[in-house]
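Written out below as structure tokens is the structure these notes cover.
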Amino acid sequence: MLRTETYTVNFGPQHPATHGVFRVMLNLDGERIVKAEPVCGYLHRGVEKLAENRTYQQVIPYTDRLDYLAAGLQNQGYVETIEKLMEIEVPDRAEYLRIITAELSRIASHVLFVGVYALDIGAFTGFLLCFRERERILDLMEELTGSRMTYSYARIGGVAADAPEGWLDRVEKVVNDLPYYFDIYDDLISGNEIFQARTKYVGYLSAESAVDYSLSGPTLRGSGIDYDLRKAKPYSIYDRFNFEVPLGENGDCFDRYFCRILEMRQSVYILQQAIEQIRETDGPIMAKVPKVLKPPKGEAYHEIESSKGILGYYVVSDGSNKPYRVHVRRPSFVNLGFLDEMCRGGLVADLVAILGSIDIVLGEVDC
Amino acid sequence: MFGKGLVKGLNVTWKEFWSKKFTVQYPDEQHTKPPRFHGKFQLNSDACIACGLCANACPNGVIKIESEKVNKKKYLTKYVMNIQYCLFCGMCVEACNKGALRFTQEHDMSQYFYKDIPLVFVDREAPKPDPETENKEKDDDKSKKAGKAPEKEGQ
Amino acid sequence: METCIYNVIAFYMLAAVILGSAVMIVAVRNIVHSVLFLAACFISMAGIYLLLDAVYLAIIQVLIYAGAVCIMIIFGIMLIRRADMKESNLFNKQTKLAAGVVAMTLAVYGILAGKTAWTDVTSNVPVPADSLDKIGGLLLSQYVIPFEVAALLLTVALIGAIMLAREVKADGDN
Amino acid sequence: MDLKNNEPAPSELNRLVHLAPLEKVLNIARAHSLWPMQFGLACCAIEALMGTNGPRYDLSRFGYEVMRTSPRQADVMVVAGTITYKAAPFILRLWEQMSEPKWCIAVGSCAISGGPFVDSYYVVPGAKELIPVDVYVPGCPPRPDAVIDGFLRLKNKVLNPKVVEG
Amino acid sequence: MDNKLDSVIKELQEKFSEIKVSEQQVVTVPVEQLTSFMQMLKDEYYMDFLTNVTAVDYPSDKNQNGEEDDEEDKGTMEVIYNVNSITEGYTLMVKTSVARQNPKLPSMFSVWGGAHFQEREVFDLLGIIFTDHPDLKRILLDDSFKGYPLRKDFQWVGGRK
Amino acid sequence: MSDWAGVLMFLVVAAIFGAGGIIASFVIHPRSKAKQKLEAYECGVPSIGNTWIQFRSSYFLYALMFVIFDVETIFLYPWAIKFQSLGSFAFIEMIIFLFILIVGLWYAWKEGAMEWI
Amino acid sequence: MVTISLTHYVMLSAILFSIGLFGVLAKKNAVSVLICIELMLNAVNINFIAFSKYITPADFMGQIFAIFVITVAAAEVGVGLAIIIAIYRNNLPVDLDEIDWLKW
Amino acid sequence: MLETIFIDIANWIRNLLGSAGVPALWNDTVMMLVKLTAIIVFILINALWLVYMERKVAGYMQARIGPNRVGPKGLLQTTADIGKLISKEIIIPKNVDKILFLLAPVLIFVPPLTIFSVIPFGKNMMAIDLNIGLFFVFAIASLSTLIFWIGGWSSYNKYSLLGSMRVISQMVSYELPMMLALLGVIMIVGSLNLSEIILAQESAWFIISQPIAFLIFFIAAVAECNRVPFDLMEGESEIIAGPYTEYSGMGFAMFFLAEYANIMIASAMTTVLFLGGWLAPFGLTFIPSWLWFFVKMYVVIFVFMWLRWTYPRVRIDQLLGFGWKVLVPLSLANIFVTGIGMYIYRALGW
Ligand code: SF4
Ligand code: SF4
Ligand code: SF4
């Protein structure tokens, strides 16, 4: 063969397709990728260390900033870990509110993913239309929590505030509207032949390697592995809802993408049930917890299914009011591990499609 | 059939082209903000008792409170929020049980200069205490520290 | 016999550009510049053709040479390794010898050209206007054999070139 | 980790010709065509760059929506997010590679001062340590309308450079 | 589900006499047996999914109080593995501890590919060396960064003025 | 004045227009100095290795085919113009001509010259 | 009166041809040699067209010849480049410096 | 009156000059300069307006408004942009091939402007009437490929290099189907003169009689303009700004303007070749011919924009594969079909 020179191109850190400050060092031969080495850490903020100097409650706002696209899920993961550590029973209404925020967060995150993925593939309009729907969800969240992205809504033992008057109706309205918008995405993006040509049979990920590399979330399920913690090990009150876990077949970019679309529809379904059930649930939104939280000596590891995959919190307490050690198992970070293999032999354009389909968020990757 | 998706896509943008726009023309029109919106802070300095709960609750040590003891009561002399460090998480507002600190709907806090960013709510001299009561107090308070509100440790 | 002064000026200017860029093609050290001078040379040659009333030729000169051949040469250049692009077009050892040979050829040619009494055969018949029409007719009647041979030649060239380059692909899989 | 190495070179703006009236006209053009660089660091970027461009806030009304990825073509660097020590050199590099005239807006607590992470071992306390910042937009993240306010403030400054002197 | 896990742990205890099991079913394995233990988990108990790898620094009390650095540092570091089984649906937390002075343990990369990035992260932030790791270098921090920030004795200055 | 002089004028004026724009800009734009300003932009980090390298050009065969078929069009156009006045014999000749080339195209297709290498 | 005669064109073509020839002989780089061959072919074309205009303006023989020359030239470049690439490929594993005219 | 307004103006100037005793040659030269200026002004105004229109269309398709603050309804937005770009610094990076780097933006405007010289904007409204017009357009258009490549290659930037290699392979691959597709049209018309092509559409536009040719031509035109879905050369989410990556200020503006000039050419050519040029449909001749031309041109441009704001981008191998495996065979087939169709047509004696 013509042994052409390979050359190295920095793809990122400032690059529109890396979704933040992420860098892939590409070894290219013409347009073919010989090697793609991810370089992360440009957003390493030392949250784990900072958490050691904050009280348990004060860590909550910091978890927002990890996965800033789905902060509700991050809050949930953290507080549930502490509740596990302290063995606190959370009142039902709070659980429902958490689920609603979590699922809304999941939809917001997935909607953003769909938009950004469309942008990566080159469809600008999809990106902005998705923002319209996201904007409506953010409105709801802002009404409930006061912030558009960084909610800090969950509290250890409950949630910060009850839903305002009429909020649930508004959520219901938006939630009922959403499937209509998903249809638009299907018409505009998923159904588009060019989009399919760009994403189908690209970035193949076999089920075995997906499991071996501990990939999780839609990335794993796109390869056909049925592993959703909400179903596999129901936490919180997910066992009360009826939903399905969408799976892909081929393990290519399109399946990973489409899994998310289907997952949003399932989330809508969960939300509808949750709203129905919360209407019948009255009661406090906070468990009885002491003002100063001092969990007993010990450790706890708790996993939830975030929008990107399995989000785990590992907390060690030494009995004081500050955690001794907090570790976050970030799905985005672990999912990146297989990037090189997926890209190898593809074209530069494929890298964009693959990277987009993993749906990383840099705050989470770099912690 | 190949091309169906392409036509459908064109149809979506075509419909979108004629449909109503979603834009709110800020700054001519204002966006509606919910009552809970975490905007600019506001301190009711009369209601504040300089208890320091807010400063304690804050994860990032944003709030600096100084107070002096005047006539048995803590008198707030300085209340500064270095909002350049703030997370707008609302923990301080939640902690204040006097309702002195609260969020407003105002969002515009942008500045040309770094030094203008902190919100200085209170920066004043303590009034001269009544000489009568002062003498009495002096002995009581000697040991207690007057002045700085308890600051967060470890920072 | 050209009489219009503008044509004379145009001829000299075009000739200067052609020869200047031809010299640069040979002289520059960077092969990419060489190719670009080649393109300039071709385009001004199209001007010469226009002076000679060969409109169709002028257009295809631009279309084929500047638009296609140059681009293919660029592809060829990009494919081949060089240590440094800036030093990619050097002379070999026989430069002096080559110069001698060329000088001799040029001299002989010049003498011959000067000796021939071209003017004798020059006629002043104006060129028919729609040359393209004529060319089409001629190609398909009088020159039909060369015409088909041209197709054959092109196909053979295509097949040959692909066969030569095919190994590029065959090995490409490992 | 040493920011000193990355000390910004003193900005030496000079011109071949400098005509005050011409400059005034050009300033009007500049003020109405601030092209931000497409460059997001963290959470704030979602709001400041994507949200403001989104259909609801629509920065394009002001003509500021032309996101250029290449710093050569951008006018405004919107530093939106946490700057870490690993990222600092390239931010500085991007800033230096932008063509004059250029401006910088620091969006969010992090870009202003390190924000929530100011105590961290790996966070640069604000963009001001690296590059001259023209407008600060506090918030965590600021609402898109606050970012628009920031842009308008910058526009004001470009139109009328005296506002910051007084 | 828990019963299943119980029986698994029981079986494991029989096979590896040196492991300790706490009340919360946390298994502590000595470093020497870690690889074979993990391989067994994967091969025989369908623990095919390594969710989490992390480590905690436990310096001896003396060090924690910031007193002089003792040469005979008795502190340890615990490395924690959380392993899931997708097919069986249970989770196991495995712990091992290494000496703080010379934290070294075999890499799990040969068992689970997912260990690759996570072990690199642990190395980066805590300085624990995983032998046989294919590409053990800093992942989040700069190469020029000194120290391991998640160790308890890490000293730094924040940027607050 | 001939049409071609007009074309020449267009060419020259267009070039002048372009040059004028650039020069005018050069006169009025401000300039500054910075250490890394003149380095190549590559997403903000220093570029690694040489840029003018041997470029694996999967495009070469495309260019080859293009040249061949481009030459073909210069035969086709004169024919197309005369098509109506020429007899059906010319049409058949052209079909033969095209057929020969289509064989080439088919060969190229078969050999994978149209696949991306 | 200054006029342009056939001699002018012939001389132009001759000089161009010579430059091309010199390049063919003196250049180290194979692609460069190919470029110079193109130059020579073009010089020939100028002659053809000039003759066509000055000698047989009515029957376009020169022009049609030139068209065929262009055809041949295009084919030549294609095959030439393919050959260069093929040679280059086959020799590469040996030693780059050996193939003097390909490495530049 | 309106119909011939531009021609009247031209004649008026010519007569004015003639009566002033200017020799014919100079008269012609001055006239040409006037036309030239008119065309440059036309291109500039249209390019500015098109950029604005693009942003507006984009906005409207994305549920937002688009520029509306600068000037009435934001009409001055692009003017401000150009004003700013002129006053932006032109950075010439360290390792670039300096001369070529500056040459590319200077030359990039030459092909589009030159092509405009032969486009008939209305009845008898063309700067130069070439017999070989269509071929001239192709020849000049093929030059811009080279200029794009110069710009990208000289930048000494890997993204630019990738972009420039893409741009030549793309433009080269789509030039061919474009030319082959038009053979069908030429067979019917029997001339390369653009005016004659328009006049041949008196009875039926070629979009009706040559639909396949139209489709191929249109797709190829989109590709030649580097527009979505074929905008690989800029492919923002892949290679930053492709060949323009290192260009700043006016250098970038030139490419920017040329891009829109190219769009105008592509749509003008589509109009001329398939939509009957300045011919008025349905006998609506009271509207002047040049207005018809603009209306048709803008409809085509709108379709361009519509495509751009709807579709994602294809990949380079798909792009080239589509060109060679679909469009080229299709266009060859079109030649046969047209030829045979015309024989049938003649045999039936219509
Ligand atoms: S909002 Fe949060 S960070 Fe800001 S002052 Fe209040 S508690 Fe502190
Ligand atoms: S908690 Fe409320 S009352 Fe106490 S110091 Fe803060 S603002 Fe004042
Ligand atoms: S200021 Fe807040 S929202 Fe913005 S980047 Fe920093 S942490 Fe994220």
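We use all heavy atoms of the structure for the numbers below, so side chains are in, but hydrogens, waters and symmetry mates are not. Reminder, nothing fancy here: chain letters follow the sequence lines and each chain counts from 1. Worth saying up front: this structure is predicted, and the values here are computed from it rather than measured.
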Residue H/Leu85 versus chain D: region with a heavy atom under 4.5 Å:
side chain
Which heavy-atom pair separates H/Ser87 from D/Leu26 by the least distance, and what is that distance?
CB-CD1, 3.6 Å
Closest non-hydrogen atom pair, H/Ala63 against D/Pro55
O-CB, 3.6 Å
Donor + acceptor pair across side chains of H/Arg55, D/Ser60 (<3.5 Å):
no
Tell me whether the count of non-hydrogen atoms from other residues, nucleotides or ligands lying under 6.0 Å of CG in H/Leu33 goes above 12.
yes
In terms of the angle between their ring planes, are H/Phe256 and D/Trp35 parallel, tilted or perpendicular, with boundaries placed at 30° and 60°?
tilted
Which atoms of D/Gln38 are under 4.5 Å from chain H, going by heavy atoms: the side chain, the backbone, both sets, or neither?
side chain
Return the minimal non-hydrogen interatomic distance between D/Asp58 and H/Gly66, and the atom names on each side.
OD2-N, 3.2 Å
Using a 6.0 Å cut-off, check whether atom NZ of D/Lys24 has over 12 heavy atoms from anything other than its own residue.
no
When you compare the side chain of D/His32 with that of H/Thr79, does any pair of heavy atoms fall below 4.5 Å?
no
Can you find a pair of side-chain heavy atoms, one from H/Lys88 and one from D/Pro101, that are under 4.5 Å apart?
yes
Less than 4.5 Å to any heavy atom of chain D: does that hold for the side chain of H/Gln62, its backbone, both, or neither?
backbone
Nearest heavy-atom pair of H/Tyr247 and D/Gln73: which atoms, and what distance?
O-NE2, 2.9 Å
Please report the shortest heavy-atom distance between D/Arg72 and H/Ser248, naming the atom on each side.
O-CB, 3.0 Å
Could you pull out the closest heavy-atom pair between D/Phe62 and H/Arg69, with the gap in Å?
CD2-CG, 3.8 Å
Under 4.5 Å from any heavy atom of chain D - which part of H/Tyr244
both
If you count heavy-atom pairs under 4.5 Å with chain D, which of H/Ile86, H/Ile90, H/Thr245 comes out on top?
H/Thr245
What part of D/Ala74 lies closer than 4.5 angstrom to a heavy atom of chain H: side chain, backbone, both or neither?
backbone
Turns out that what part of H/Ile65 lies under 4.5 Å from chain D's heavy atoms comes down to both
Nearest 0.5 Å please: distance from the CD1 atom of H/Ile240 over to the OG atom of D/Ser70.
7.5 Å
